[in-house]
Amino acid sequence: MAAQVMVDFVLDDEQHWVAVLACGHRQHVRHRPPLVERHWVLTASGRQSRLGQTLWCKHCEQRGFMASEAPPA
């Protein structure tokens with residue numbers, strides 16, 4: 001599994017939160033009950049509490065990279 005560390009959060013053009021991963025890829029982290037429960041993304045303190053934790057990176061997995069392995073430049 002290609003888990004990557006979350007290093008930052010930014011808003012996209014539609015004002016949805018996106019996690020910036022250590023590999024350089026980005027992953028939406030929406031709170032969309034009942035399908036996705038991510039209450040923590042709604043507050044600055046909640047997002048801050050998740051920095052340093054890992055999130056699955058579909059882009060790295062598709063390219064065969066492993067956890068916290070940066071893709072070649």
Side-chain angles (χ1 to χ4, degrees):
M1 183 164 157
Q4 298 290 341
V5 174
M6 291 182 274
V7 296
D8 198 8
F9 294 95
V10 295
L11 285 170
D12 70 6
D13 293 339
E14 297 177 3
Q15 302 303 299
H16 295 140
W17 286 105
V18 178
V20 179
L21 306 176
C23 60
H25 295 125
R26 295 172 179 227
Q27 179 80 26
H28 277 97
V29 286
R30 295 181 182 100
H31 173 61
R32 294 180 128 170
L35 301 176
V36 180
E37 292 284 336
R38 291 185 174 143
H39 295 279
W40 56 266
V41 79
L42 302 176
T43 65
S45 62
R47 292 185 299 278
Q48 181 72 27
S49 75
R50 298 298 172 129
L51 293 177
Q53 293 187 10
T54 58
L55 187 65
W56 172 68
C57 180
K58 64 182 178 183
H59 302 291
C60 284
E61 185 171 69
Q62 290 170 351
R63 290 167 179 82
F65 297 114
M66 299 309 294
S68 298
E69 180 183 25

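Predicted model, so just to flag it, every value in this text is computed and none were measured. All residue numbers in this chain count up from 1 along the given sequence.
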For L35, enumerate each residue passing the side chain to side chain contact (heavy atoms under 4.5 Å, CB included) test, keeping only those at least two apart in sequence or located in another chain.
none
Pairing residues for Q27 by the side chain to side chain contact (heavy atoms under 4.5 Å, CB included) criterion, not counting sequence neighbours
L21, L55, K58
Is it the case that one hydrophobic cluster holds both V36 and M6, taking links as side-chain heavy atoms less than 4.5 Å apart, direct or via other members?
no
Could you check whether the rings of F9 and W17 sit parallel, tilted or perpendicular, using 30° and 60° as the cut-offs?
perpendicular
What's the spacing between Q4 CD and C23 SG if we round to 0.5 Å?
4.0 Å
Among residues at least two apart in sequence or on other chains, which ones pass ring pair (Phe, Tyr, Trp, His ring centres under 6.0 Å) with H31?
H39
Can you name the nearest heavy-atom pair linking A2 to E61, along with the distance?
CB-N, 3.4 Å
On a heavy-atom basis, the closest approach of T54 and A3 is CB-CB, 3.9 Å
Contacts of R50 meeting side chain to side chain donor-acceptor pair (under 3.5 Å) (sequence neighbours excluded), chain-then-number -> none
Taken in chain and number order and not counting sequence neighbours, the residues that satisfy side chain to side chain contact (heavy atoms under 4.5 Å, CB included) with V18 are V10, D12, R26, H28
Restricting to side chain to side chain donor-acceptor pair (under 3.5 Å), what partner residues turn up for D8, sequence neighbours left out?
none
